[in-house]
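Heads up, the thing below is written out as structure tokens.
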Amino acid sequence: MEKYMPQKIEKKWQKKWLESNVYKTEMDPKKPKYYTLEMFPYPSGNLHMGHVRNYSIGDVLARYKTMEGFNVIHPMGFDAFGMPAENAAIKHGVKPADWTYSNMDNMKRQQREMGLSYDWDREVATCRPDYYKWTQWLFELFYKRGLAYKKKAYVNWCDTCGTVLANEQVIDGLCWRCDNEVVKKDLSQWFFKITDYADVLLKDLDLLKGWPERVKIMQDNWIGRSEGLELNFEVPELNETLSVYTTRPDTAYGITFVALAVEHPMVETICKAKPEKADEIRAFVKKVQSQSDIERTSSESEKEGVGTGVYMINPFNGNKAEIWVTNYVLADYGTGAVMGVPSEDQRDWMFAQKYNLDVIVTLQPKGVELKVEEMTEAYTDKDGILCNSGEFDGQDIKTASKGIMDKAEREGFGKRRVNYRLRDWLISRQRYWGAPIPVIYCDDCGEQLVPEDQLPVMLPENVNFEAGSVSPLAQCEEFVNCTCPKCGKPAKRETDTMDTFICSSWYYLRYTDPKNDKKPFDSDKVNYWAPVDQYIGGIEHAILHLLYSRFVTKVLRDEGLVDFAEPFSNLLTQGMVLKDGSKMSKSKGNVVSPEEIIGEYGADTARLFIMFAAPVERDLDWSDEGVAGSFRFLNRVWRIISQFEDKIKSAGDEYDKKALTDDEKELRRVLHVTIKKVTEDIRDRFMFNTAISSIMELVNEFYKFQNDENVNAGLVREVSLNLLKMLAPFAPHMTEELWSELIGEDSSVHAQKWPVCDEAATVKSEVEIVLQINGKVRDRIMIATGISREEMEEAAKNNSRVQELTEGKNIVKMICVPDKLVNVVVK
RNA sequence: GCCGAAGUGGCGGAAUUGGCAGACGCAGCAGACUCAAAAUCUGCCGUAUGCAAAUACGUGCCGGUUCGAGUCCGGCCUUCGGCACCA
């Protein structure tokens with residue numbers, strides 16, 4: 001055999017795999033299915049190392065599961081709508097579609113050069129009409145189920161992107177895509193009613209046994225369920241009631257004011273009722289609204305407000321409390337109004353200090369009397385005894401909360417209520433390169449869905465791009481002008497497109513039936529393949545994509561289109577690929593290009609290194625020397641197998657194991673221990689790094705025989721073939737080349753059964769055990785495996801080191817761990 | 001502030017159920033091969049003392065449980081990630 005030349009053999013096998021379509025999958029109810037999925041990429045033009053890691057993990061699993069006998073589906077596609085294509089159009093005058101498709105072609109080439117086992121017949125691209133037709137269909141389904149609606153609201157706006165954003169897409173007050181500061185705008189926008197599913201999205205996190213705990217915790221926090229009480233206060237002057245929401249009903253006797261958000265509808269009512277205050281209030285509202293989102297919602301910023309001179313009555317004790325318009329109450333959480341209890345809430349405390357408002361202590365630690373004059377901050381411990389609270393005095397928080405809520409419900413001025421931090425999903429975008437929202441506006445008939453038989457609403461190709469201008473769709477006359485589907489009169493189309501997260505929230509279902517032109521997917525097919533058995537991607541989607549996909553799946557389940565509640569049974573969140581301790585980026589100049597690495601060492605080396613260098617969930621620091629080491633290892637495998645080529649070919653699969661020498665038996669033992677270890681590491685732990693290190697140990701053991709011309713040929717064959725099989729998921733080309741050299745052109749290593757460990761071969765006749773005295777290692781001895789406790793103790797007592805060190809001391813007891821150690825405890 | 005994860009040689013990391021700390025790899029050192037180098041093969045490789053045998057110390061810090069702790073418990077420190085005026 002000639003030397004290992006990855007460039008040559010990788011090209012050869014990639015061509016062959018493509019031509020023979022070996023990775024094509026079909027439904028087969030007789031076989032257990034396995035759905036491996038890596039998050040599909042945005043077609044930016046080139047793969048980066050994060051992709052390489054993502055796809056390598058998926059490919060190892062897909063190949064391994066195939067060898068284990070599963071019917072594996074392993075698809076790939078492109079999340080192809082989005083801003084960068086449009087930016088390219090503005091900057092370079094290329095059509096977004098042309099830019100996107102040519103990027104896809106390049107990335108597909110790079111994916112092929114990685115040797116990934118995708119079934120390309122299932123490829124989807126979200127920007128193709130045959131895909132977005134069904135994204136639009138999905139929108140219509142949501143609309144018909146009352147889950148898509150348009151409303152005017154204060155929404156997140158990114159000026160750079162020229163569009164609105166969902167809450168999930170604002171990170172620390174900045175746009176998730178461009179890091180520009182997000183501002184609030186009062187706009188009429190489309191929403192998906194994800195809040196209707198808040199409870200089930202939270203509850204079903206319990207079903208996700210195969211998800212990392214931290215991702216579930218993040219979603220739990222994001223949904224933010226809280227239980228509390230909604231209280232209605234009479235406002236006699238206005239002849240209205242004002243509702244507040246609280247999670248601390250026990251503090252209700254300590255209310256000294258009520259705080260409204262500036263957007264609260266009662267603010268305007270008050271202005272009308274109190275003309276003398278109106279100017280001051282309106283000026284304050286204006287000032288607050290002019291602040292950026294960061295300023296407004298930072299817990300650091302000072303709490304300010306304007307007293308309205310209007311009072312409400314606390315139904316518990318009849319106290320009057322002034323209504324204030326403030327900058328620290330959120331309009332879109334709870335009722336947009338909050339009861340002010342300075343003694344037990346730090347924000348209310350600071351507000352009350354600033355404006356000299358009353359403080360009533362209603363809770364104090366056991367055995368302590370809190371005095372308002374001596375307090376420097378609110379008492380916020382959730383532990384204490386009530387006071388100044390009428391009939392509830394002397395009760396603990398839990399008892400009082402229940403009693404107060406019961407009283408409120410009994411007397412009709414309050415109701416127990418559950419609240420969520422989660423907001424509805426804002427899904428419209430003022431951009432061109434996305435799926436058009438299939439809605440038509442008619443002056444007479446109002447908002448109308450585009451009839452299903454007219455889908456897709458096609459994105460027009462000839463549009464005008466100018467930086468900073470409104471969406472090109474809105475300027476495109478032939479797109480905008482249409483006829484009302486109901487009355488046939490001239491009407492106008494919706495010019496917003498959908499958030500690309502909608503496109504990506506159902507693609508894993510489309511893979512199961514990607515060419516269906518009658519439905520988004522066939523139920524039999526989707527229910528055979530899905531849910532995804534193993535989903536692999538970055539932690540950055542912990543909330544965004546993963547929450548949206550769960551939501552969409554649940555709606556489809558409720559519609560009867562799928563029969564499962566959760567889309568991804570198991571989730572693996574890979575760490576980032578770093579260079580010199582930080583994220584690879586152009587500005588830092590530390591980017592390592594996959595294409596260059598593959599060009600220099602081959603895809604097998606790149607894959608092997610990336611799987612070996614760190615456990616999948618942890619960040620991985622790229623090391624050029626490490627890559628060279630992986631290349632060295634593959635060469636080592638190549639050489640030892642080449643050297644034994646004749647022996648391997650001439651030997652049979654069956655041979656007399658009893659004829660093996662002790663050294664050969666040891667090699668065979670290591671082989672079977674390795675099979676066991678590699679299988680468990682891949683199947684149960686996703687510890688690919690340790691799987692590879694045990695394969696390396698096997699190769700090291702094998703090298704002990706490199707100069708032994710008389711080594712048993714049957715054993716050499718057994719070791720070599722199993723070694724290739726175990727290495728095949730990691731280094732698919734190189735193992736395939738060696739396999740075809742040894743076994744023949746028609747046989748593929750990837751179609752082999754995964755090796756099975758011969759337990760009998762793993763047994764050692766002798767083991768080295770540790771002798772400890774008082775827990776410290778003092779000697780090591782060889783003993784026969786499986787001997788009794790008594791025999792082990794005897795062996796320890798007879799050991800000269802033990803005798804020497806226990807001389808004249810009293811042996812209190814001896815602890816034996818079979819085949820591992822004896823600990824002699826002396827005094 | 002709240003929630004979560006992590007901290008082990010010069011470096012990446014291993015130790016799966018409380019039982020030999022440092023597997024495997026990288027870097028380094030030495031030997032073999034070679035006229036020489038590269039490549040390859042082999043060996044050494046936590047720190048301190050020591051010629052060695054060996055001994056002591058050693059998994060962020062302090063304490064505890066245990067015959068025995070990287071692993072369990074209590075209290076901290078540092079780094080990273082998420083959330084953050086959600087009443």
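Naming convention: chains lettered A, B, ... in sequence-line order (proteins, then strands); numbering from 1 in each chain.
Taking side-chain N and O atoms only, A:Ser694 has no distance below 4.0 Å to OP1 or OP2 of B:C24. Contact between the side-chain N/O atoms of A:Lys813 and the OP1/OP2 oxygens of B:C67 is found at a separation under 4.0 Å. OP1 and OP2 of B:G19 both lie 4.0 Å or more from every side-chain N or O belonging to A:Lys776. Considering only side-chain N and O atoms, A:Tyr703 lies under 4.0 angstrom from the phosphate OP1 or OP2 of B:C41. A close approach under 4.0 Å does not occur between any side-chain nitrogen or oxygen of A:Arg632 and OP1 or OP2 of B:A39. Between A:Arg778 and the phosphate of B:U55, there is a side-chain N or O to OP1/OP2 separation shorter than 4.0 Å.
The residue A:Asn700 sits close only to the backbone: its heavy atoms come under 4.0 Å of sugar-phosphate atoms, none of a base. Residue A:Val338 is in base contact, counting any heavy-atom pair closer than 4.0 Å across all strands shown. A:Gly334 comes within 4.0 angstrom of nothing in the nucleic acid, heavy atoms only.
Taking the P atom of each, B:A15 and B:U8 are spaced 15 Å apart, rounded to whole Å.
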Give me the distances for all protein-to-nucleotides 80-83 of chain B N/O pairs that come in under 3.5 Å?
unit_1 : atom_1 : unit_2   : atom_2 : d
B:C83  : O3'    : A:Arg421 : NH1    : 3.0

Report all interatomic pairs (protein N or O, nucleotide N or O of nucleotides 14-18 of chain B) with separations under 3.5 Å.
unit_1 : atom_1 : unit_2   : atom_2 : d
B:A14  : OP1    : A:Asn689 : ND2    : 3.2
B:A14  : OP2    : A:Arg618 : NH2    : 3.0
B:A15  : OP1    : A:Arg685 : NH1    : 3.3
B:A15  : OP1    : A:Arg685 : NH2    : 3.0
B:U16  : O4     : A:Lys677 : NZ     : 2.4

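Annotation: cation-pi pair A:Arg607/A:Phe730 absent, no NZ/CZ under 6.0 Å from the ring centroid and within 45° of its normal.
Stem regions for RNA chain B, each three or more consecutive Watson-Crick or G-U pairs with both distances under 3.5 Å and listed by first number, read B:1-7 with B:77-83, B:10-12 with B:24-26, B:28-32 with B:40-44, B:46-49 with B:54-57, B:60-64 with B:72-76.
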